[in-house]
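Okay, structure first, notes after.
Reminder, nothing fancy here: chain letters follow the sequence lines and each chain counts from 1.
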Protein chains: 2
Amino acid sequence: MSVKTMPRNRIFKLEELRNHCQKCSLYQLCLPMGLEEGDLNKLDQIIQRRRPVEKGEFLYRIGDPFSAVYAIRAGSLKTFTTNQEGHEQIIGFHLPGELLGMDAISREIHTCSAQALETVSVCEIPFERLESLSHEIPGLQHHLLSLMSEELQHEHCHLAVLAKATVESRLASFLTQLSERFKARGFSATEFNLSMSRNDIANLLGMAVETISRLFTQFQDQGLLKVERKHVHILDSASLHAMANTCSSAISEEDDDASQNSSS
Amino acid sequence: MSVKTMPRNRIFKLEELRNHCQKCSLYQLCLPMGLEEGDLNKLDQIIQRRRPVEKGEFLYRIGDPFSAVYAIRAGSLKTFTTNQEGHEQIIGFHLPGELLGMDAISREIHTCSAQALETVSVCEIPFERLESLSHEIPGLQHHLLSLMSEELQHEHCHLAVLAKATVESRLASFLTQLSERFKARGFSATEFNLSMSRNDIANLLGMAVETISRLFTQFQDQGLLKVERKHVHILDSASLHAMANTCSSAISEEDDDASQNSSS
DNA sequence: GTCTGTGATTGATCTGGATCAAGCTATTTC
DNA sequence: GAAATAGCTTGATCCAGATCAATCACAGAC
């Protein structure tokens, strides 16, 4: 709420928000991936930039009518469902470049809530317009389907982890995947901040907070990583990866680093 | 393998297989849902009817190149992933009217295997042709997205069940959902045969076979159901549903039976 | 600066469900 | 028909990880 001495900076940021997909650093990850300039402009025109969502605020809540999907520009969110008894189950954490809300398409209401873990800026994409645009642009339709398919794959791995893995393996898998996602976004794969609480991690992985805490200490004692509050420094990603033993890696090993190698 | 005295019947069945979507009893559940006659014919033309997949055979295996999605006409299958150590994790069981293989879109290889639990007949739909047809037919594109979105929702519930639910709640949730799916297909909601083994159920729900066995006995003792080998007769679906306490039901209660009420 | 509340850590205890072991029941093979 | 095999059930034991309890560390409020 306090603005302090950064108004110029603030204005610059707002200007940046008005920027188009072409200029966005997430271009390669996000919806416009692979589109030609003309098509990109069409997409750009239907996208609405909203004011940032502050930590703890909801982007949408379970039961809300579905009207748009959201591309994350900056910050991170968690999505979760709630059962009859009010128990909250976290579905996932979401990073810049990811598209949120697609699971609401069939029912036309949101079936989970999306809450900001820190200040988040998103692009709002009205779904009806996105759908009609997908008819004009073949690549866009395919990309939409492709993004949903990726989401499915990711959930499959998550399922496998919850169904069988030990607690060590769960946390290792979580950290490994997070690390890979940071890397894909141009951040460090070995050093990052956790925007979610231990409680949230425990919930996602189906275990108790105390166990998460103990495992962080254990991993540190084993020299796998250094952890201080939110800050994580991975020291031995190979061991961590081996510990994880997830389903996806059975396939992804082959084409791990084969995707992001254009300019530079 | 043995044909016995049913050749006439066999020929009739084959003829039926050649039938078009219009005549298919799964019309309301499957891909053609909501399409007009002209569009339906177009879709019909790209669909290939294959020979039945026998019990234990694979429709596709993890790692296979992705070229088509499959609509189940009859029978049931399981899909599962495999991790590095070869551990098999079942993702789901699939019934007539469901579309299989969409999770392979992004990688263009299958990320899980689909194996028949009994003799299965499927419609093979070449994906490239389906995609281009979706450009012509607005409803088809939406329906594709919608089906994937439903799949996502379903996985979210599955996640919630695995992460927190007790073993009772897991099995109750499994049986409740299965019952609802049978009902939606015009079968009895209270009496059905399980095409999968106890082992498969245990695997799906992340527990030991022994526990499944004990729970079936327990449920029977509690008067919730009667079970004899593969045959299940649900006696008290209300209690079973209450026991389940899944995420989806928090929303679906309102519009539970509000979807299927056209003719008759 | 102190106070307060929230989240994280560490230790002690307990238990739900896995694992181990054995017997049972269909179904298939010969 | 008997024998073999695969799948299911039941009982006894054990342990991974939850729960309970206490303390600690930090961020905000005033």
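Paired with B/Gln177 under the rule side-chain hydrogen bond (donor to acceptor under 3.5 Å, both in side chains), one option of B/His241, B/His154, B/His158 passes, and it is B/His154.
Here B/Glu85 does not pair with A/Lys164 in a salt bridge; the nearest charged N to carboxylate O distance is not below 4.0 Å. Of the charged side-chain nitrogens involved, at least one lies within less than 4.0 Å of a carboxylate oxygen, so that B/Glu98 and B/Arg185 count as a salt-bridged pair. Classification of A/Arg51 and A/Glu57 as a salt-bridged pair holds, one side-chain N sitting under 4.0 Å from a carboxylate O.
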Test side chain to side chain donor-acceptor pair (under 3.5 Å) applied to A/Thr111 and B/His156, step by step
CA-CA 9 Å; A/Thr111 55; B/His156 291 172; 4.8 Å; no
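We find the CG-CZ distance between A/Leu175 and A/Arg170 to be 14.0 Å, quoted to the nearest 0.5 Å. Note: A/Leu178 CG to A/Phe93 CZ = 8.5 Å, rounded to the nearest 0.5 Å. With rounding to the nearest 0.5 angstrom, the CG atom of B/Asp200 is 3.5 Å from the CD1 atom of B/Ile90.
Rounded to an integer number of Å, the gap from CG of B/Leu215 to P of D/dC8 is 15 Å. In this structure, A/Leu171 places its CG atom 12 Å from P of D/dA18, rounding to the nearest Å. Put simply, CG on A/Leu194 is 14 Å from C1' on C/dG7, counting in whole angstrom units. Distance, B/Glu228 CD to C/dA26 P: 7 Å, rounded to whole Å.
Contacts of residues 85-94 of chain B with DNA chain D (heavy atom under 4.0 Å): none.
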Nucleotide by nucleotide, nucleotides 8-24 of chain C touches protein heavy atoms under 4.0 Å in the pattern (B base, S sugar-phosphate only, - none) SBBBB----SSBB----
